[in-house]
Structures are given as structure tokens and as C-alpha cells.
Amino acid sequence: MVIIFLILTVRIIISLIKKKPFPKKLMVAMLVGIVLVFSIYVFEVYFFTFDDIDEKYIQNGPGPVVSPTGKYTANAYYEPYGGAAGGVNMWVEITNHNEDNNKKVIYYSDANDNILIDWVDDKTIFITNAGPYKSNSIKLDVEHEIYHDRGLACRSWFMKNEYDTCYQD
């Protein structure tokens, strides 16, 4: 995209200096490219859902951890990405046994070294995700709050009805 922009700029300058015709095809190609990149950005940011998680290489993490009254069960999962130089994403999924075992992702972040899930009370969970340099640990109300470290769930138009409060880094 940047290369096309530079070529377009050079062609426009040449056309002005040498009085040559304006490069219309290149300008149209540049505008189509800008619209495409902008559309992809809008789609990725504002139409995000946790359904996009790649479960092909899913690994089980801590859990199941049952809430004190047995209404909820929390499970953590890992998703490796990027091969040998990549990392691991982690998410926590809550199963509500009183609503036909309805499942909902409430936490998504890069995984760190120390990961624990503890229930504070029947609807509040404390997720420890700490490492030597960074901690993404948080206490969440499983009925009303979610956490996404990059904030995509917080900006998503599709997910606005699934939480009251969304936390991000």
C-alpha cells in the first residue's frame, strides 16, 4: 500500500512537471486499496467475537473449577500461535449450569507463567495470569464483566449486549 502511494505521488509530480496526463488508473487502484484496508480494519475491530478463536490447536489449561454453589464451572484453554517464535493466548470460559450449560468466554489474554483460577464467591472469579514482567490478573463478576487484553471485545459492536463492563490493558 505504501509502495503504491509512493509510486502514485511520483507519477503525479512527473505529470505536473512534464505536463503529462494524470495517472487515473493508478489513482483508482490506490483508492480501492485504501477502501479495502479500511474495510478490513473496521471488520476486525468492530465485528470481533470470541467465535474467531482458532480451536485447531487448543490445549486444556486449569479447570474445571466449580463455583461454591455449583452454578458455574470455569475452564481455561491455551491457544499457541506463531510457531517457535510465537506465544500462547489463554481464555477462560464459564459454563452456566442453570441456563442449559450455556458457555461464555469472559477472559482473553496472552498467557504468562503463573495461571490460577479461584472463585471469590458464587459469581466472582479471580483469574491469576502473572509472569516475571507482566500481570494480567483480574477479578471478574462472571455475569456482567469480561476482560480482553487488547480491547477488541470492548470495542466490538456484536459483543456490547454480552457484558456491562469490559476491561482491557
- Query: Which heavy atom in Gly70 sits nearest to a heavy atom in His97, and how many Å separate them?
  - Reply: O-CD2, 3.4 Å
- Evaluate the salt bridge (Lys or Arg N to Asp or Glu O under 4.0 Å) criterion for residues Lys139 and Asp121: first the C-alpha distance (whole Å), next the side-chain angles of each, then the deciding distance (0.1 Å), finally the verdict. CA-CA 11 Å; Lys139 183 168 54 169; Asp121 57 39; over 6 Å; no
- Query: Taking side chain as C-beta onward, heavy atoms only, is Tyr147 less than 4.5 Å from Asn136?
  - Reply: yes
- Side-chain contact, heavy-atom cut-off 4.5 Å: Ile146 with Tyr167? no
- Do Trp157 and Phe38 sit in the same hydrophobic cluster, where Ile, Leu, Val, Met, Phe, Trp and Tyr count as joined when their side-chain heavy atoms come under 4.5 Å apart? yes
- In terms of heavy-atom contacts, does CG of Asp100 have more than 12 from other residues, nucleotides or ligands at under 6.0 Å? no
- Determine yes or no for a side-chain-to-main-chain donor-acceptor pair under 3.5 angstrom, with Asp118 supplying the side chain and Phe126 the backbone. no
- Any Thr165 side-chain heavy atom under 4.5 Å of His144 side chain: no
- Residues at least two apart in sequence or cross-chain that pass side-chain contact (heavy atoms from CB on, under 4.5 Å) with Ser135, listed by chain then number, are Ala130, Ser137
- Measuring from Phe158:CZ to Phe47:CZ, what's the distance to the nearest 0.5 Å? 5.5 Å
- Message: Main chain of Leu152, side chain of Ser156: is a donor-acceptor contact present, judged purely on distance under 3.5 Å?
- Response: no
- Carefully, step by step, assess Asn96 and Asn102 under the rule side chain to side chain donor-acceptor pair (under 3.5 Å). CA-CA 5 Å; Asn96 185 339; Asn102 185 28; over 6 Å; no
- Message: With disulfide (SG to SG under 2.5 Å) as the rule and sequence neighbours excluded, what pairs involving residues 84-146 come up?
- Response: none
- Message: With heavy-atom distances below 4.5 Å as the criterion, would you say the side chains of Asp141 and Asp164 are in contact?
- Response: no
- Message: Using 0.5 Å steps for rounding, measure from the CE atom of Met159 to the NE2 atom of His148.
- Response: 8.0 Å
- Message: Are Val105 and Ile58 linked, directly or through intermediate hydrophobic residues, by side-chain heavy-atom contacts shorter than 4.5 Å (ILVMFWY only)?
- Response: yes
- Chi angles and distances behind the side-chain contact (heavy atoms from CB on, under 4.5 Å) call for Met90, Ile127: CA-CA 11 Å; Met90 170 200 156; Ile127 300 164; 3.9 Å; yes
- Would you check if the side chain of Asn75 reaches a backbone N or O of Glu93 as a donor-acceptor pair within less than 3.5 Å? no
- Item | Heavy-atom side-chain proximity of Ile125 to Ile106 below 4.5 angstrom | yes
- Among pairs that include at least one residue of residues 131-169, which meet disulfide (SG to SG under 2.5 Å), considering only residues two or more places apart or in two chains? Cys154-Cys166
- What is the distance from atom NZ of Lys71 to atom CD of Glu143, rounded to the nearest 0.5 Å? 4.5 Å
- Query: Under the 3.5 angstrom rule, does the side chain of Asn89 hit a backbone N or O of Tyr108 as a donor-acceptor pair?
  - Reply: no
- Look up atom CG in Leu140 and atom OH in Tyr107, then write down how far apart they are to the nearest 0.5 Å. 8.5 Å
- Query: Can you check side-chain contact (heavy atoms from CB on, under 4.5 Å) on Val142 and Trp119, steps first, answer last?
  - Reply: CA-CA 10 Å; Val142 298; Trp119 288 94; 3.9 Å; yes
- Check the side chains of Asp122 and Tyr72 for a donor-acceptor pair under 3.5 angstrom, ignoring hydrogens and angles. no
- Query: Atom NZ of Lys103 and atom OG1 of Thr73: how far apart are they, to the nearest 0.5 Å?
  - Reply: 9.0 Å
- Query: Roughly how far, to the nearest 0.5 Å, is the OG atom of Ser109 from the CG atom of Asp169?
  - Reply: 6.5 Å
- Query: So with a 6.0 Å cut-off around NZ of Lys160, is the heavy-atom count from everything else above 12?
  - Reply: yes
- Message: Just so I know, are the side chains of Asp110 and Tyr81 near enough to count as touching, which here means a heavy-atom distance under 4.5 Å?
- Response: yes
- Query: Of all heavy-atom pairs between Ile117 and Pro62, which one has the smallest distance, and what is that distance?
  - Reply: CD1-O, 3.9 Å
